[in-house]
Amino acid sequence: MVLTVPFADSNMPENKPTPPKPVDQLTPAAARLEHEALAREIAQHDRRYYEDDAPSVSDAEYDALRLRYEALEAQFPELKSTESLTRKVGSKPSEKFSKIRHRAPMLSLANAFADEEVEEFVERIRRFLQIKADAPVIFTAEPKIDGLSLSLRYEHGRLVSAATRGDGSVGEDVTANARTVGDIPQKLTGKDFPEILEVRGEVYLSHADFAAINERQAAAGKQLFANPRNAAAGSLRQLDPAITASRPLHFFAYGWGEISEMPADTQSGMIDAFRRFGFIINPLTRRCSTVAELLEHYRTIETNRANLGYDIDGVVYKVDDLNLQSRLGFVSRSPRWALAHKFPAQQATTILDAIEINVGRTGSLNPLARLRPITVGGVVVSNATLHNEDYIRGIGGNGEKIRNGVDIRVGDTVIIQRAGDVIPKVLDVVLEKRPADAKPYLFPSNCPACGSHAVREQNPRTGKEDSVRRCTGGLICPAQARERLKHFVSRNAFDIEGLGEQRIEELYADGTIRRPQDIFTLEARNAGKLQRLENREGWGATSVKNLFAAIEARRNIALNRFVYALGIPHVGDTSAKLLARHFGTFEAIQEAAKAAADPESDAHAELTSIGGIGSVVADAIVEFFKEQHNEEMLDALLAQVHVEPVEATVSDSPVAGKTVVFTGALEQMTREEAKAMAERLGAKVAGSVSKKTDIVVAGPGAGSKLNKAKEFDVQVMDEDGWFVLVGRN
DNA sequence: TACCCTCGAGTTCA
DNA sequence: CTCGAGGGTA
């Protein structure tokens, strides 16, 4: 569909920004509207300021908003209690924390809930390490404190910095506040501490101290903390360390980051060393050598949970032997050698008022449960995802029944759980409470946004029906167009500051932005005489100026971001990077994709030859570039932006980019470890020797592969040679 | 074919 | 964070 893009209200006379009416001339209704709008806007700015660390308005503008907001409340006191955002609009942020990059990332742990999962965890470790059934593997087991992780850096025994976990690689510098925590030593004790030592652990508040703090909050008329963890987080993130000092935070040490010299070769030994250095170790830390012992300790902790005096949410198991830990390594972002055995998550019961359908960027019809608001684990929940049609009907991913096949109906009383203590989910239905007139939910067969037919496609390979029903409206579906635009400006794509979801909604609705390329003509069109952005409600001159600047800044964009922004199905962040790295320029990608449409060409094979790109992804790419309207969009867009080719990423590893084959018996590591290690260093591991192979690592008993290696004149080395080449680890 | 892992796309609340 | 599915390998 070809859309003309008129500027909004083009027949309105040009008008100057009108100064807001004095508050005493407002009707209560108008005041209420403005109050609500202001609360939303201020909350948004606060969020950008605090969470994204990117103020969206100047301080002066922010102050003006707040002044107006307070003036309204002064004139119309009834507003204070009516709008729930009122109390959330906190004090004006003055300063912020600087960032600290962790030298070693702070990882998360794999979770388990059932005993069987603990067995599997131990089994997996034995298999990976090829440890015989009768040989014991020792684990440590300790309570998982429900607080905030903190990384403390000591140099020559002195605390030099403290950082929160953040996203795992970059945290916030809370050193001044950490110094006020009694359990955190300023100076390490003893003599044998390493020169550089990063100790990691958990900051928490006891139940008693939490209650006392909340009493004080109440007395001061301030908002109460929902739970000890929030209170601890709030206390640690105080800008004034004196306030942190007045909150009795505690700290348990349980791990480490960078360390110049290892004081021990086991997890438990390390923890003991930390104790010698002056840290507090959780007294319920034990060594266990069987699954039964682990589970027994879990039950002990669970039984004592209420008497501990602080919140815990499970038990952490770690392989004790550090040698084994390093052999086990990591899976994506969590170590293979540790597991968090969580206590059953908190649940609550409420009523399902309605089921709404949202339309995603790919046309997926996503059912959302609107719930009678209820508190689960200290947070009020009013929405929850229902995943898909089958989930509502009581059918799981592989066709088996879930919830004993009970479907979910509007009016049902449902059990809500915050999965992983964060995202709420409809766990079950209380059948006894189902109203007599409740009817099975009829999943729409048409898109609620555009009315097009919505279908569940068949997977061409397996013949199975897709679990997701999708709108077939494509270009004509406004919801899809809107979501594609949101994707286009999202964080890993164009990341245009000042153009978030809300603004996209607004600008899409009035026709200002309908296609990605419209973003880059926005300023030119705005310069015309029509109603300008800066005169609109909710937009100030500065925010518009900043927005234009942000858009200008993105006229140059990295290839991988650009590819990702296009929103090709199955092409996310990672695949976009793979494509960028393989082809180098956007033209090369485009050419290959177009060529692949011709079955004679081997371009399709080139796509699938990229590790991580298979036939499904390749097909999606080819389809995307085949579409006429996508071509038009790209032409228009490329006239506006410059896509930067990627520079060849040169890793400093000696085997980066090489293809390695391991053959024969390996003595110092298992095959799986060897593979994981090589890949970590940027090498590709193949199963057989070909002329593409660069290195063959041959152990004793290597046969045909070794001969082949000689035939192809491939570099051959033994395990020791490998370690000489790449170093240990 | 059966797995194991990674990825994409969806999600909540503050 | 979770689900389902794609990709790759035993």
Side-chain angles (χ1 to χ4, degrees), chain A residues 43-44 46-48 50-52 84-85 87-90 108 110-111 120 124 127-128 223 225-227 230 233-234 330-334 336 342 345 356-371 373 375-388 390-391 395-399 402 416-427 457 459-462 464-468 470 483-484 486-487 490 492 564 567-578 608-620 671-672 675-676 679 684-688:
Chain A
Q44 223 174 336
D46 282 350
R47 196 178 110 184
R48 282 199 66 82
Y50 281 121
E51 291 180 17
D52 308 341
S84 70
L85 275 161
R87 277 167 298 123
K88 285 187 204 152
V89 180
S108 52
N111 287 329
E120 280 162 26
R124 210 165 37 239
R127 218 180 314 138
F128 192 93
Q223 194 172 10
F225 291 108
N227 52 51
N230 285 2
F330 301 86
V331 188
S332 66
R333 284 172 304 283
S334 48
R336 235 186 303 249
K342 296 278 200 84
E356 272 177 20
I357 302 285
N358 292 323
V359 183
R361 155 172 78 82
T362 57
S364 56
L365 266 44
N366 309 312
L368 178 75
R370 313 278 350 221
L371 306 164
T375 307
V376 196
V379 174
V380 178
V381 170
S382 49
N383 296 324
T385 174
L386 289 170
H387 295 119
N388 55 50
D390 285 348
Y391 188 82
I395 304 166
N398 21 10
I402 49 174
I416 306 298
Q417 178 182 294
R418 291 212 300 148
D421 266 355
V422 179
I423 303 208
K425 127 181 202 175
V426 175
L427 203 67
E457 276 169 17
N459 186 315
R461 283 159 58 198
T462 61
K464 263 190 16 186
E465 209 181 28
D466 194 348
S467 58
V468 175
R470 284 180 208 281
E483 296 305 312
R484 277 197 299 269
K486 287 183 191 170
H487 175 80
S490 66
N492 292 323
Y564 173 75
I568 303 169
H570 300 116
V571 178
D573 202 20
T574 310
S575 308
K577 277 188 191 137
L578 290 174
T608 51
S609 77
I610 306 170
I613 307 282
S615 63
V616 174
V617 179
D619 286 346
R671 203 156 289 274
E672 230 174 313
K675 180 168 179 286
E679 280 170 357
K684 194 180 161 199
V685 178
S688 58

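In the text below, chain A, chain B and the rest are named by the order of the sequence lines, each starting its count at 1.
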Is the phosphate of B/dG8 approached by A/Thr362 (side-chain N or O, under 4.0 Å from OP1 or OP2)?
no

Is A/Ser467 close enough to C/dC3 that one of its side-chain N or O atoms is under 4.0 Å from OP1 or OP2 there?
no

State whether A/Lys425 places a side-chain N or O below 4.0 Å from either non-bridging phosphate oxygen (OP1 or OP2) of C/dC3.
yes

Checking A/Ser490 now: which residues fulfil side-chain hydrogen bond (donor to acceptor under 3.5 Å, both in side chains) with it, not counting sequence neighbours?
none

When A/Leu368 and A/Gly572 are each assigned the nearest nucleotide of DNA chain B, the 5'-most assignment goes to A/Gly572

Report the nucleotide, chosen from B/dA9, C/dG6, B/dC7, that has the shortest atom-to-atom distance to any side-chain atom of A/Val616.
C/dG6

So, OP1 or OP2 of B/dA14: does either fall under 4.0 Å of a side-chain N or O from A/Asn230?
no

Look at all strands and tell whether A/Val468 reaches a base, only sugar-phosphate, or nothing, counting heavy atoms closer than 4.0 Å.
nothing

Could you tell me which non-hydrogen atom of A/Ala369 sits nearest to which non-hydrogen atom of A/Val426, and how far apart they are?
CB-CG2, 4.2 Å

Less than 4.0 angstrom between a side-chain N/O of A/Asn383 and OP1 or OP2 of B/dT11, yes or no?
no

Atom of A/Arg336, atom of A/Phe128 and distance for their closest heavy-atom approach:
CZ-CE1, 3.6 Å

DNA chain B nearest-nucleotide lookup for A/Pro569 and A/Arg124: closer to the 5′ end is A/Arg124

Who passes ring-ring contact (aromatic ring centres under 6.0 Å, His included) against A/Tyr391, sequence neighbours left out?
A/His387

For a quick test of reading the model: is some side-chain N or O of A/Asn388 closer than 4.0 Å to OP1 or OP2 of C/dC3?
no

What nucleotide among B/dT12, B/dG10, C/dG7 has an atom nearest to a side-chain atom of A/Asn366?
B/dG10

Given B/dT6, is OP1 or OP2 found less than 4.0 Å from the side-chain N or O atoms of A/Thr574?
no

Hey, does the side chain of A/Arg336 come within less than 4.0 Å of B/dC5's phosphate (OP1/OP2), counting only N and O?
yes

Is any side-chain N or O of A/Thr385 closer than 4.0 Å to OP1 or OP2 of B/dT12?
no

